[in-house]
Structure formats: C-alpha cells, structure tokens
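These numbers come from a predicted model, not from an experiment. When reading the values below, keep in mind they use all heavy atoms of this one structure, side chains included, and skip hydrogens, waters and symmetry mates.
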Amino acid sequence: MASRSCLYVVLLLLAFQSTVIKATVPVVPPQCRPVPAGTLARIEFLVNLVIAVAEFFLRSSNGTGIEDIAPGLVQGPVPIGATLATLDSPTRAVVQQFGLALVGNLRAIVNVTLLRTPLPRPQLNFTAGVFANILNLSALTPPFNVYGGQTQFFLVAEPLTSSLIQYYLAQVIPSIAGIPQQQLVTGIGLNAAAQHGYFRTRLNAIVNITVPPYTITVASFTNTTATAVNLLGLCGVKNEGLIVPLPLGAENRTTTNVIPGDVNSLSPRRTERETLRILHGTGNATRPGGIFPSGPNGTLYRLVIVPLRLS
C-alpha cells in the first residue's frame, strides 16, 4: 500500500512538472515558425542573402559585381538599379572590403558544402525606391536616396546586414551538423555581425545629427526603419533604433542601443519567412518584390511558398 502511495505521489509530481514546463514554454505563432528543412537547404537559402549583400556593397562602392571579382562563382541576371553611393574614400574602402569578404564567404561555402559553382544569382533590385519602400521612407520629400549620401547609405546598410545576421542566428548556426560546416557558418556569422556592428557604430556617432536635406535626426530615422522592418516581419520587435526608452535598454539602465538585443541582451533571430517578408517588402513571404522581385532560389523557398496560409 505504501509503495502504491509513493508511486501516486511521484506521478502527481511528474504531471505537475509537465504542466509547469508547458506553461513556461512560449507558444510560437505559425507565421513565426521555421520551415522544416535540412542543412544544405538552409545554406542554399543563405547563399541568396550573401549574394544580395555582396552585390549591393560591391556595386555601390566601386561599380563592380561578384563576377568581376570571381568569374564563374555566380551566374544569373544582372542586378537592377545599383549605382555608386556618395561615400568618402575611407568608407568606400570599408564597404568594398565587406563586399569582397562576402565573395570569399561564397567561395568557402562551395569548398565546404555540396553546393557547386556557378551559384545561381536571383534577380536583385537595388533601385533607391525599393529601399525607401521597405523602410517606410517613400513619403519623404525629396525622395529618400540610399546612394545620395553617406548617412543615407548607412541607414539602409544597417537593417540589410541585420537581416543576414538574424537569419544566421535563428536557422543556420543551430541546424548545422558536422565540424567543417559548423566552422564555416560560425566564421560567416562573425563576419556578418562585424559588418552590422560597423554600420550601427557609425550611425551612433552621429545619432543626434539631422540628416540633410531633411529635418530628421539619425535617431528618429533608425526608429522609423526598425519599426518598418518589424511590421513587415510580423513576429514582434526584433529590430531597434539607436535610442530606446529606458525600460527597453540594457538592464533598464541606458537608452543607448548600439547593440540591439532582447531582455537579456541576446541578439534577436528571424526565420526564413520573416526574412522574406522584409526583403520582399510585401509583408508576405510568398509574394516576391522588393530586393527579390522574383523571389530567391533554392529548395527552402519552394517549401515556403507551398503552405501559403502560414506566410
């Protein structure tokens, strides 16, 4: 009888523990869940993002493309709308270096994974109006032009690189099996994080300065662009401006927000659906537009567009 009583107590404790665990695990809405996919499919999707950022940095810094740097590495339609940005010489050199580094990342992906050259390049649209629409800046007068000034360029490059690092953290790094592949994605992720940090640091140095020809400060711009990205992503606040209310600052002790993070200052993460909603500029992962007017390439994107109700 005593043994039965002990067993009953144990079962009650296990049931209680299970209930507590279920209650404390947050329920992720369907539209914020990752698409079930293997390692190679995730890296293949990532290649689209790396190609996009590399092309943007190279073409806006010195007018070249990936094929000019590494013939045969990629193949596909030439990007639309990219022009030389108005940058000072040191900044131009840094942006060019970032683009060149991403070309090296693509080569490393080919060397370590089963993907082979030429990597398919999706149609990319870098027209100034595309960025203005995505970041909710299209109503400005004169029209917002990412290529028209150094600060304008930073205001676009910052959320663009954040999309790359947030997808790394959420989907690529956790899903990788195999030491060579883990080393590969870790190295690429660190490179992307450094690039994102560079643009936020440059913007923070002028955070209270008005951006000509407008009467809007850098801080206000970053709040506007962060809000626009979050609204498109449909999965909460993951992009943040450079100045936040004290309750949202690190340990509730600062309004400075050079490195965005959650309540524990951990970097935010985005799934492929969130990333596509943002880069498409449509708020819909299955409706191409924006930077990817025809959508990205690969198996994972095809998996995204099948369950339309979740996107």
Side-chain angles (χ1 to χ4, degrees), residues 26-56 74-82 109 115 119-138 156 159-175 192 225-239 268-311:
V27 177
V28 179
Q31 73 272 17
C32 301
R33 296 172 189 168
V35 175
T39 293
L40 191 63
R42 296 197 184 284
I43 293 178
E44 186 182 35
F45 182 82
L46 174 66
V47 164
N48 290 278
L49 307 182
V50 176
I51 288 175
V53 179
E55 291 283 8
F56 176 65
V74 301
Q75 185 178 60
V78 176
I80 302 167
I109 289 172
L115 298 179
L119 297 169
R121 177 175 56 199
Q123 179 66 72
L124 299 167
N125 188 348
F126 297 137
T127 306
V130 163
F131 293 110
N133 287 334
I134 291 175
L135 300 175
N136 193 27
L137 302 174
S138 57
V156 168
L160 183 62
T161 52
S162 79
S163 297
L164 188 56
I165 187 62
Q166 287 170 356
Y167 177 69
Y168 270 121
L169 292 171
Q171 303 305 319
V172 181
I173 292 177
S175 70
T225 59
T227 299
V229 169
N230 291 328
L231 288 174
L232 287 171
L234 297 178
C235 293
V237 176
K238 298 185 179 181
N239 280 54
R269 305 176 178 205
R270 290 195 186 275
T271 67
E272 49 282 315
R273 287 193 182 99
E274 294 175 75
T275 303
L276 286 170
R277 293 185 197 112
I278 295 163
L279 297 181
H280 282 171
T282 62
N284 187 330
T286 67
R287 196 173 81 210
I291 296 172
F292 292 102
S294 301
N297 295 313
T299 301
L300 199 150
Y301 180 59
R302 291 194 291 273
L303 293 173
V304 167
I305 62 178
V306 170
L308 297 176
R309 66 184 182 281
L310 298 182
S311 300

Problem set entry | Aromatic ring proximity, centroids under 6.0 angstrom, Phe292 and Tyr301 | no
Atom pair [atom1] ([X]) and [atom2] ([Y]), whose distance is rounded to the nearest 0.5 Å:
X      : Y      : atom1 : atom2 : value
Phe56  : Thr161 : CZ    : OG1   : 10.0 Å
Leu234 : Arg270 : CG    : CZ    : 9.5 Å
Ser163 : Ile291 : OG    : CD1   : 7.5 Å
Leu232 : Thr275 : CG    : OG1   : 12.0 Å
Leu279 : Leu160 : CG    : CG    : 7.0 Å
Leu231 : Asn136 : CG    : CG    : 8.0 Å

Exercise. When you check the side-chain N and O atoms of Asn284 and Thr282, is any donor under 3.5 Å from an acceptor?
Worked result: no
For this session: Taking atom types as modelled, find out whether Arg302 and Thr299 have a side-chain donor-acceptor pair closer than 3.5 angstrom.
Result: yes
Do any N or O atoms from the side chain of [X] and from the backbone of [Y] form a donor-acceptor pair under 3.5 angstrom?
X      : Y      : value
Asn297 : Pro120 : yes
Asn239 : Asn230 : no
Glu272 : Val304 : no
Arg273 : Cys32  : no
Arg33  : Val28  : yes

Problem set entry | From CA spacing to verdict: salt bridge (Lys or Arg N to Asp or Glu O under 4.0 Å), Glu274, Arg269 | CA-CA 9 Å; Glu274 294 175 75; Arg269 305 176 178 205; over 6 Å; no
For this session: May I have the step-by-step check of side chain to side chain contact (heavy atoms under 4.5 Å, CB included) for Ile80 and Phe126, ending in yes or no?
Result: CA-CA 6 Å; Ile80 302 167; Phe126 297 137; over 6 Å; no
For this session: Check whether any side-chain heavy atom of Gln166 lies under 4.5 Å from a side-chain heavy atom of Ile278, and answer yes or no.
Result: no
